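Data block below; observations after.
All chains are named by letter (A, B, ...) in the order of the sequence lines, taking the proteins before the strands, and each is independently numbered beginning at 1. Note: hydrogens, waters and symmetry copies are ignored here, and every other heavy atom, side chains too, is used. Remember, predicted model here, so these are calculated numbers, not experimental data.
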Number of protein chains: 2
Amino acid sequence: MSLKFGILGLLSKWNATGYEIKKEFDDYMSIFWHSHLSQIYPELNKLEKEGLIEGKTITQIGKPDKKVYEINEAGADQLREWLLAKQDEPKIKDPFLMQVFFMDNISADDVIFQLKSYRKEREKRLLKLQQIMRDSWESIKEREAMSSRVVMATAVLKKGIDEEINYIKWCDETIELVEAFKDVWDDDLQATKKMDFATFEEQLIQYGALKALGE
Amino acid sequence: MSLKFGILGLLSKWNATGYEIKKEFDDYMSIFWHSHLSQIYPELNKLEKEGLIEGKTITQIGKPDKKVYEINEAGADQLREWLLAKQDEPKIKDPFLMQVFFMDNISADDVIFQLKSYRKEREKRLLKLQQIMRDSWESIKEREAMSSRVVMATAVLKKGIDEEINYIKWCDETIELVEAFKDVWDDDLQATKKMDFATFEEQLIQYGALKALGE
DNA sequence: GCTGACATGTAACCCGTTACATGATTCC
DNA sequence: GGAATCATGTAACGGGTTACATGTCAGC
């Protein structure tokens, strides 16, 4: 149900074609949503039929024709209504964290390898978002653009960047944690007595497991 | 594709019925996945047909019959194979952040109201996860349970708690930011000259927009 | 000659959600 | 008497992904 408002919202900022909307979903808006062209085009047609947006076909030379959409008053009304409504909480689907949860089934070395690979992916994404922030900041300064629009976009971008920084930090801490248990990973710790419970507890406290309780 | 491995992974920890799997998805596993009973039951039947798990019907008195599933070697093999594979990055769908991105379309007071309401939701969830952490930690200490399983479960739980703490912190910072621009929210700032660009810039720097660039 | 950007779509399929269906027991 | 818990499922619908289809131009 939110793709609709993702499109309406974007068209409240500027007029755009389906192709341009997709690019925005892949860049800036990737922090909170993602979509495919094969979903965007039918949705645009649906919104036009519903009378919330209006499209104009523009003939180009050397390039295919394009259809530039514009939001109308009915669309803007529905958008504002949606903006005041309570949203569902995000439905998280994080296959990597699911993997981590079950990683006691593989060796400590494999766990560390997986954590390090994933950390790299996150780092890449962080750099991408930081580049977007740098570019958008530069354009704001050039135009001395002051508006609530700039404020909210910056807030969302910061949220995205913070999230990446935190994910990377968690990867580093967790790699360290697993490394501390490397030698005893596959053993039944209680039977072999290679480590006592006090040491085990101390490691997890240092990791911050209890600090997270805020006590 | 990951629901399959969510179920296999859970059955690698202990035997369970569909109903019990659902409860685990709602509690601990809610940090990285969520699912409905109407999806879990057919999936369990599918996995049994594929020969990865085995179910035994148990007749109960005073309660309906239940079917307890157990993972077999073929299932454990597929799980380990999946654990070593590279996962897709999480496909984020966060309707609230989408709202925030478009909130220049509503008044500053409405924005602050929305941010405060959402903050409350996140706080509720934080308390829930902290309770899970407290309970699980208590049970670990009681049994002096030391294992890689405990380590990985703790790591994932900490990730979930950290995420909530960061989301709440971001809400607080953003509320403060919007409050700073409250008086000029609906105005065209450049035209009215109610605020100069240096002040505008200073506010965003204080918010941490540039700190996030790591420069 | 190949890849990638530009540009718009359809069709098949898979996954996920909501609603429906059933029925006993326990607690308020 | 009503709500919640235990327990398993089917059916309809809606949303999302992958594959297919088409064609030009620019740059390597």
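For C/dC6, the OP1/OP2 oxygens have no side-chain nitrogen or oxygen of A/Q60 closer than 4.0 Å.
Distance, B/D88 CG to C/dC15 C1': 14 Å, rounded to whole Å. B/K67 has its NZ atom 17 Å from the C1' atom of D/dC6, to the nearest Å. Distance CD (A/E43) to C1' (D/dT17): 15 Å, rounded to an integer number of Å. The CG-P distance, from B/L44 to D/dA7, rounds to 14 Å in whole Å. Atom pair A/K66:NZ and C/dC6:P shows a separation of 10 Å (rounding to whole Å applied). Residue A/Y19 contributes atom OH, which lies 12 Å from atom P of C/dG4 at whole-angstrom precision. Atom pair B/I58:CD1 and D/dC6:P shows a separation of 16 Å (rounding to whole Å applied). Note: CG (A/D65) to P (D/dT24) measures 13 Å, nearest angstrom.
B/K13 and A/D104 are joined by a salt bridge, as a carboxylate oxygen and a charged side-chain nitrogen come within less than 4.0 angstrom of each other. Salt-bridge annotation for B/K128 and B/E123: absent, with no side-chain N of the basic residue lying under 4.0 Å from a carboxylate O of the acidic one. Look at B/K23 and B/D27 and you find no salt bridge, because none of the NZ, NE, NH1 or NH2 atoms lies under 4.0 Å from a carboxylate O.
Among residues two or more places apart in sequence or in another chain, the ring-ring contact (aromatic ring centres under 6.0 Å, His included) test is passed with B/W137 by none.
Inspection of the A/D162 and A/Y167 side chains reveals no N or O donor paired with an N or O acceptor under 3.5 Å.
Within the model, atoms CG of B/L37 and CZ of B/F25 stand 10.5 Å from one another, a figure rounded to the nearest 0.5 Å.
None of A/R119, A/K124, A/R125 except one satisfies the salt bridge (Lys or Arg N to Asp or Glu O under 4.0 Å) rule with A/E121; the exception is A/K124.
Counting heavy atoms from C-beta on, the side chains of B/I140 and A/F197 come closer than 4.5 Å. Side chains of A/Q87 and A/W82 form a contact here, defined as non-hydrogen atoms less than 4.5 Å apart.
Nearest to the side-chain atoms of B/Y41 among the listed nucleotides C/dT8, D/dT10, D/dT8 stands D/dT8.
Over its full length, the helix from C/dG1-D/dC28 to C/dC28-D/dG1 turns its helical axis through 40°, comparing axes from the five pairs at each end and rounding to 10°.
Using a 4.0 Å heavy-atom cutoff across all strands shown, A/K23 reaches sugar-phosphate atoms only and no base atom.
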Protein proximity profile, nucleotides 16-28 of chain C - base contact B, sugar-phosphate-only contact S, no contact -, cut-off 4.0 Å on heavy atoms: BBBB---B-S---
